[in-house]
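Below you'll find the structure, written out as C-alpha cells, and then a few comments.
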Amino acid sequence: MKGIVKLLTLTTVAGLFFLTSCKDDEVPKSNLVFDEIAMEVKESDGTPASFHPLLFDNATGREVAVQLTLDRPLAETSVIAFSVEGTAKTNSTTNPVGDFEIKENAKNITIDKGETSASILIQLYEDEGFEIDNNDNLFETVIIKLTSVVSGTAIIGTDDTFTLKITEDDAVVFLDWDDGDNVAPPDRGDVDMDTYLFLDGQTVAGSAESGSAAVEAFNIPAAYPNGTYGVSYTYYSGTSDALKFFSIMFNFGGTMNGGTYNAFNGPALEFTQDYKLVNINKYDEPGAPEPIVVQTMTKNGFNYSNITQITKPATGSRMDISGDFAGLRSQTLHPIEAGKAERLFSLLKGR
Ligand SMILES: [Ca+2]
Ligand SMILES: [Ca+2]
Ligand SMILES: [Ca+2]
Ligand SMILES: [Ca+2]
C-alpha cells in the first residue's frame, strides 16, 4: 500500500516536471518600451554645425538618440515597425530642407538577439525659418509609435509612444515706426523703413516690405556663427522730418544683454531713435550708399551681448562707401512674412 502511494507521488512529480519543462521550451518574450515617453530639445545647439547641410557649409545637424529598453535579453533577433507623425517635417524630395530625419531605417528597428536596449536615432536640423504655428506654439513635434512586431520575440509594452518636442531657438527683431504727426497709432504715415542684419559685410537677414503698411521683422537663426553683427534701420522713403522708430527684440534660445525676452506677450528688449528727411536712403537705386549699420551686437552661441543703443548718423543715414544694393529688396533674406509678422506684432502690442 505504502509502495503504491509512493509510486503515485512520483508520477505526479514527474508529470509536473514534464509540464514545467514544456513551458521552458517556449521562447520567452521580451517587453519593449521607450525609456522616456517625452523629450524636449532646442532646434539647434547654437553653432553652424547644427544647420541642415543644404543651408550651411559642413553642417550636419545633430543627433538625438531615443532609448528603448527590453525587460529581458532578446531570445531572438526582432524587427519592430514604428510610425512617425507630428508637426515637424522630414527631408523629402518636395521639401529637401526638413526639420529632421530618422537615421538608418525610418520604418522599423532591428534589435539583435541578447540585447536589452536599443535606440532610434533622429537627426535634427536647424533651418532659417522662424517656426511658430497658428496657435502661437514655438515648437514642432516628432511622434514615434511602436506599431507591430514584424518578427522575433519582442512584444510591445505600454510605453509605446515617444514625443520629441523641438523648440524654436531663434532671435527676432521687429522694426516699427511713427511718422511723428501726432495721429494716434498705428501711424507709420507714408514712411517706408527697412531693416537688415550684416555679418562681415554680408547681408545675412533682413526685412524690406514695400510701403508703410507692414511692420518689418526678421529672425536670426540660433545656429548662425558667433561674431559681431550689425543692424541697419533704413529710412527708405517718406515725407516725415520727425520720424521715430523702434527696434523690438526677442530671443527664444538664450539671453540678450543678460536678460530673458522669450515670450511675445512678455517684456521685449527695446531701442528707439529718430531720423529726419536727410536720413532717407534709397539704397537700391544705382550709386546709392549702403544701408548704414547703426547698432551692433555680439553673438555667442544662443546669447547676444553688448547690444548697443542705435547711433544716429551725424549727416544722413548712409555710409560713404558706395555699395551696389540694386535688387537687395527682392532677395530672399528670410524675413518673417508680412502677414505673420503683423500677427506676431499684435501679440506684442497686447502685452
Ligand atoms: Ca525647423
Ligand atoms: Ca526654425
Ligand atoms: Ca532655430
Ligand atoms: Ca519697408
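Both counts, for ligands and for their atoms, begin at 1 and track the order of listing.
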- Metal-centred angle, the Ca ion (ligand 4) as apex - O of M193, OE2 of E216, 10° resolution: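 It rounds to 80°.
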- Item | OD1 (D192) - the Ca ion (ligand 4) - O (E209) angle, nearest 10° |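 My answer is 100°, to the nearest 10°.
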Is it true that [X] and [Y] have a side-chain N and a carboxylate O under 4.0 angstrom from each other?
| X | Y | value |
| --- | --- | --- |
| E63 | K103 | yes |
| R188 | D178 | no |
| D136 | R343 | yes |

- Task: Examine D99 and say whether one of its N/O/S atoms is closer to the Ca ion (ligand 2) than 3.0 Å.
- Result: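 Checking D99: none of its N, O or S atoms is under 3.0 Å.
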- Task: Return yes when at least one N/O/S atom of P221 is nearer than 3.0 Å to the Ca ion (ligand 2), and no when none is.
- Result: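 Checking P221: none of its N, O or S atoms is under 3.0 Å.
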- Query: Just wondering, is there an N, O or S atom on D127 that's nearer than 3.0 Å to the Ca ion (ligand 3)?
  - Reply: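 Given the 3.0 Å cut-off, D127 does not count as a ligand of the Ca ion (ligand 3).
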- Query: For the Ca ion (ligand 3), which N, O or S atom of D169 is at the shortest distance?
  - Reply: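 Output for this pair reads OD1.
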- Query: Of all N, O or S atoms in D170, which has the smallest distance to the Ca ion (ligand 3)?
  - Reply: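 Closest to the Ca ion (ligand 3) among those atoms: OD1.
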- Query: Is K299 positioned over the aromatic face of Y229, cation under 6.0 angstrom from the ring centre and no more than 45 degrees off axis?
  - Reply: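 The answer is no, since K299 fails at least one limit relative to Y229.
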- Item | Within 45° cone of F100 ring axis and under 6.0 Å: K89 NZ or CZ |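 No.
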- At the Ca ion (ligand 3), what angle lies between atom OE2 of E168 and atom OE1 of E126, rounded to 10 degrees?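 If I round to 10°, I get 150°.
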- Query: What's the atom name of the N, O or S in E131 nearest to the Ca ion (ligand 2)?
  - Reply: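 Restricting E131 to its N, O and S atoms, the minimum distance to the Ca ion (ligand 2) goes to OE1.
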- Output the atom name for the N/O/S atom of D194 with the smallest distance to the Ca ion (ligand 4).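 Result for D194 and the Ca ion (ligand 4): OD1.
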- Just checking, is any N or O donor in the side chain of Q295 or Y233 under 3.5 Å from an acceptor N or O on the other one?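 Looking only at side-chain atoms, Y233 and Q295 do form a donor-acceptor pair, the distance falling under 3.5 Å.
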- Could you grab the angle centred on the Ca ion (ligand 2), going from OE2 in E43 to O in G129, to 10°?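 Value, to the nearest 10 degrees: 160°.
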- Query: In terms of the angle between their ring planes, are Y275 and F245 parallel, tilted or perpendicular, with boundaries placed at 30° and 60°?
  - Reply: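 Y275 and F245: tilted rings.
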- Message: Using a distance threshold of 3.0 Å, state whether an N, O or S atom of S207 lies below it from the Ca ion (ligand 4).
- Response: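 Looking at S207, which is the residue asked about, there is no N, O or S atom under 3.0 Å from the Ca ion (ligand 4).
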- Minimal non-hydrogen separation, T77 against T110, with atom names: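 For T77 versus T110, the nearest heavy atoms are CG2-CG2, 3.8 Å.
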